[in-house]
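In what follows, chains are A, B, ... by sequence order, proteins preceding strands, each numbered from 1.
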There are 2 protein chains.
Amino acid sequence: MYTETAMLGLDVPLRASERAYRQLRGEILNGLLAPGAALLEVEQAERIGVSRTPLREAVARLIADGLVVGRRGRGFEVTDISVDSISELYELRQALEVQASRLAATRRDPAPFLKLRDAFLTAPDLLDQGDIGVHRYYVLIDELEDAVDAAVENPFLVGALHAVRTHLARIRRLARRNPLRLRAAAGEHLLIIDAIIAGDPLLAGHATHIHLHQSLLSVLAAIDAGSATSRSTTTAD
Amino acid sequence: MYTETAMLGLDVPLRASERAYRQLRGEILNGLLAPGAALLEVEQAERIGVSRTPLREAVARLIADGLVVGRRGRGFEVTDISVDSISELYELRQALEVQASRLAATRRDPAPFLKLRDAFLTAPDLLDQGDIGVHRYYVLIDELEDAVDAAVENPFLVGALHAVRTHLARIRRLARRNPLRLRAAAGEHLLIIDAIIAGDPLLAGHATHIHLHQSLLSVLAAIDAGSATSRSTTTAD
DNA sequence: CAACCACTCTTTGTATACAGAGACTCTTCG
DNA sequence: CGAAGAGTCTCTGTATACAAAGAGTGGTTG
């Protein structure tokens, strides 16, 4: 997710519409543009430093992504995230990720998953190392997702997964990390990886099912706690 | 699918970009714009009768839909449909429709499905009535899809399903109808409907799985036959 | 004769100017 | 005092003009 463009530093010549899209998308995802925030074309165009034409193209893409909705006569607005929508998103996510795990188990080249297995075995140590360790753990999860995507070899499925992950990124911001949950999630990931290495699609699917079930429970609990108390909560994965 | 806007004749005030989008989308879906066809902005804008600005917006949406891809310095082009991509699409479709069937079985209001059950019982008769009967059968399938969508009550999942159905519409054009397959499909649909009425998510999911398996087999066989002989084949659903 | 370079031409990408639709406000009337 | 209506004003939707990037072509040179 973070590797979108920054991995290689070749953002030298970039279309204005692309710049506007990435900036707005990033700001929505990291919460700088909060749900419900109004997007005025001229205002945003001036802020980003492009004209209205490319900005409109960027907004159109954001609408297609489901991050923005048009309000009838009064501009656009960042979509909001309800608790209901989280459960709904997870219903879609589960369908997609379970299928992806199954296919990955069927088609995988074992090599990258063996590497990932070793890496995930060190996850508990990583999670003892504070924020940098947590960050490196999240990088590991990204790598796992990438490995699954590559093994699945299905542009339609991978595309749908990407769309889901876009919304997930916003949800993760609603709640803080819970070290206990992260440790448990690492174990669940290991189970998925092992199933993929073993070439066992049924097991991979079920392990993914369980993982997402726990993940959703954790997210919902974190949000409940977050809205009850002020701001000391938990997140999934 | 056909009911998008034409059902009620209120296409009086329509934005130019929306007109361009619907026209291009329709022409791609019904094959008038064949895979590989080049889309030049000025050319298409003049043909449709809008300026380049709304046309670009329309093309952007088509790209998001996966119906069009940009070629670096040489305009845009309608995406093509390979046999591989059909199987890939069905892998995604299966994940989504199985999940949708399960959720529909869990949440359904039985009433519309009881009506659909009666209607599908008459499907064999319908399929004896030639093209108009076949057409009415396809309308039935649309109504079933709509009923499932409504029962699922999940915008994310339904949205993903819509995207898949867009591509399916193109695939259906690749092969002719096979009356035998249609009759069998009607039986499979009945099974799905019964499972939803019974509120049995597991059964609904499995019935959907089987239906899509058969559907894919039929489509692939139809395309094989169609490319072997000249043009007398079969299609699914 | 082939390969490379420069030029032109096509086509996209961007900016800006204009028009129209909808919302808000202020006023007026009941 | 409230509600309705007209006017204004803001913001989107569209068109067009301009700029720049890439591809194709022709010529020239080794």
Side-chain angles (χ1 to χ4, degrees), chain A residues 4-5 8-28 33-79, chain B residues 4-5 8-28 33-79:
Chain A
E4 261 186 43
T5 171
L8 310 169
L10 37 72
D11 14 53
V12 188
L14 205 52
R15 298 197 307 281
S17 63
E18 187 69 21
R19 267 193 300 140
Y21 173 70
R22 294 193 190 180
Q23 177 165 345
L24 287 175
R25 187 174 183 277
E27 289 177 355
I28 293 173
L33 285 172
L39 293 183
L40 286 284
E41 287 186 5
V42 283
E43 175 186 310
Q44 296 299 318
E46 284 179 8
R47 186 173 68 88
I48 297 178
V50 301
S51 104
R52 279 184 57 213
T53 308
L55 184 112
R56 269 179 76 82
E57 195 170 319
V59 170
R61 289 176 66 184
L62 292 170
I63 292 177
D65 291 343
L67 294 174
V68 166
V69 288
R71 301 184 298 185
R72 268 205 326 181
R74 195 94 108 99
F76 305 94
E77 158 178 329
V78 178
T79 54
Chain B
E4 260 187 42
T5 172
L8 310 168
L10 37 73
D11 14 53
V12 188
L14 206 50
R15 298 196 308 280
S17 63
E18 186 70 22
R19 265 193 302 140
Y21 173 70
R22 294 193 191 179
Q23 177 165 348
L24 287 175
R25 187 175 184 276
E27 289 176 357
I28 292 173
L33 284 173
L39 294 182
L40 285 284
E41 287 187 3
V42 283
E43 175 186 311
Q44 297 298 320
E46 284 178 7
R47 186 172 68 86
I48 296 178
V50 301
S51 105
R52 277 185 59 215
T53 307
L55 184 110
R56 270 178 75 82
E57 194 170 318
V59 170
R61 289 175 65 183
L62 293 171
I63 291 177
D65 291 344
L67 295 174
V68 166
V69 287
R71 301 183 298 183
R72 265 208 326 182
R74 195 96 108 97
F76 305 93
E77 158 178 329
V78 179
T79 55

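- You'll find the side chain of L67(B) stays beyond 4.5 Å of the side chain of L24(B), heavy atoms only.
- Following rounding to the nearest Å, E77(A) (CD) and dT12(D) (P) show an atom-to-atom distance of 13 Å.
- Among dG13(D), dT16(C), dT11(C), the nucleotide with an atom closest to any side-chain atom of E41(A) is dG13(D).
- For R71(B) and dG22(D), a side-chain-to-base donor-acceptor distance below 3.5 Å is absent, hydrogens and geometry of angles not being considered.
- With rounding to whole Å, F76(B) atom CZ is found 7 Å from dT12(C) atom C1'.
- Ion pairing between E18(A) and R22(A) holds under the 4.0 Å rule for side-chain N and carboxylate O.
- Protein atom CG of L14(B) is 12 Å distant from nucleotide atom P of dG13(D), rounded to whole Å.
- The CZ-P distance, from R52(A) to dC18(C), rounds to 14 Å in whole Å.
- Put simply, CD on Q44(A) is 12 Å from P on dC11(D), counting in whole angstrom units.
- Atom CD of Q23(A) sits about 4.5 Å away from atom CD1 of I48(A), to the nearest 0.5 Å.
- For the pair S51(B) and dA15(D), the criterion of a side-chain N or O lying under 4.0 Å from OP1 or OP2 is met.
- One interatomic measurement links the two molecules: CZ of R56(B) to P of dT16(D), which rounds to 16 Å at whole-angstrom precision.
- Computed from coordinates, the E57(A) CD to dT14(C) P distance equals 7 Å when rounded to whole Å.
- Rounding to whole angstrom units, CG of residue L55(B) and P of dT16(D) are separated by 14 Å.
- The base of dT14(C) lies outside donor-acceptor range of the side chain of S17(A), with no N or O pair under 3.5 Å.
- Between the CG atom of L62(A) and the CD atom of E57(A) there is a distance of 11.0 Å, given to the nearest 0.5 Å.
- Note that CG of L14(B) and OH of Y21(B) are 12.5 Å apart. Values are rounded to the nearest 0.5 Å.
- Contact annotation for L39(A): backbone-only contact, meaning every heavy-atom pair under 4.0 Å involves sugar-phosphate atoms and none involves a base.
- Minimum atom distance to the side chain of L40(B) is reached by dT11(C), of the listed dA15(D), dT11(C), dT16(C).
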